[in-house]
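Since the structure comes first, as structure tokens, the remarks are kept for the end.
All figures in this text were calculated on a predicted structure; none of them were measured in a lab.
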Amino acid sequence: AALSGRSLSTFNREFKQHFNKTPKKWLIEKKMAKAKKLLTAGLNVTESAFEVGYSNISNFIKAYKSVYKQTPKDMQKNLK
């Protein structure tokens, strides 16, 4: 918000109008997209979680499931 010269509330409101989601949700979706690529490339769940900025694996799995409706491990099983 500060970098764009707006208040936090104005930034959040304009961001949501433009992207149809909050900045937090947008960021989570971007992280999970990167995690999915990493998991598909063969990294395990823990490595993928750390790579996208999660230090708590349970929080990572919960976020991943909220975006893709399945756990990272289930997604990897379906690839095989």
Side-chain angles (χ1 to χ4, degrees):
L3 292 174
S4 66
R6 294 175 177 86
S7 70
L8 184 57
S9 60
T10 299
F11 176 81
N12 285 334
R13 183 176 56 253
E14 291 177 359
F15 189 98
K16 189 169 183 178
Q17 287 173 345
H18 189 267
F19 292 102
N20 295 320
K21 59 189 75 171
T22 64
K24 182 178 179 179
K25 184 167 177 123
W26 180 86
L27 184 58
I28 289 170
E29 288 177 0
K30 295 298 179 192
K31 286 181 176 186
M32 294 306 110
K34 182 177 179 181
K36 187 173 186 178
K37 287 180 184 178
L38 295 171
L39 291 161
T40 302
L43 268 68
N44 68 35
V45 175
T46 302
E47 293 168 333
S48 299
F50 288 146
E51 187 67 29
V52 297
Y54 282 81
S55 57
N56 183 306
I57 307 306
S58 296
N59 287 343
F60 169 74
I61 293 169
K62 183 178 177 182
Y64 191 93
K65 191 171 182 180
S66 76
V67 173
Y68 293 112
K69 309 301 183 227
Q70 63 180 347
T71 66
K73 191 61 97 175
D74 288 342
M75 187 277 301
Q76 285 183 318
K77 287 178 187 175
N78 292 334
L79 291 175
K80 296 178 183 177

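Exactly one of Leu38, Asn44, Val45 qualifies for a side-chain contact (heavy atoms from CB on, under 4.5 Å) with Pro72. That residue is Val45.
Distance check, rounded to the nearest 0.5 Å: OG of Ser7 to CD of Glu14 gives 8.5 Å. Taking CD1 of Ile61 as the reference point, atom CD of Gln70 lies at 12.5 Å (rounded to 0.5 Å). To the nearest 0.5 Å, the span separating CG on Leu3 from CZ on Phe11 amounts to 9.0 Å. Atoms NZ and OG, on Lys34 and Ser48 in that order, are 10.0 Å from each other to the nearest 0.5 Å. In this structure, Ile28 CD1 and Lys62 NZ are separated by 10.0 Å, a value rounded to the nearest 0.5 Å.
Put simply, the side chain of Asp74 does not reach to within 4.5 Å of the side chain of Lys65, judged on heavy atoms. Within the 4.5 Å cutoff, no side-chain heavy atoms of Met32 are placed close to those of Glu29.
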Check the pair Tyr64, Leu39 against side chain to side chain contact (heavy atoms under 4.5 Å, CB included), reporting the backbone distance first and the verdict last. CA-CA 11 Å; Tyr64 191 93; Leu39 291 161; 3.7 Å; yes

Please lay out, stage by stage, how Thr40 and Met75 fare under the test side chain to side chain contact (heavy atoms under 4.5 Å, CB included). CA-CA 8 Å; Thr40 302; Met75 187 277 301; 4.1 Å; yes

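In terms of modelled atom types and a separation under 3.5 Å, the side chain of Gln76 and the main chain of Leu43 share a donor-acceptor contact.
Taking hydrophobic clusters as Ile, Leu, Val, Met, Phe, Trp and Tyr residues chained together by side-chain heavy-atom distances below 4.5 Å, Ile57 shares a cluster with Tyr68.
Of all non-hydrogen atoms in Leu8 and Ala1, the two that sit nearest each other are CA-CB, 3.8 Å. Minimum interatomic distance between Ser66 and Ala63 (heavy atoms only, all atoms of both residues): OG-O, 2.7 Å.
Below 30°, between 30° and 60°, or above 60°: for Trp26 and Phe19 the angle between ring planes is between 30° and 60°, a tilted geometry.
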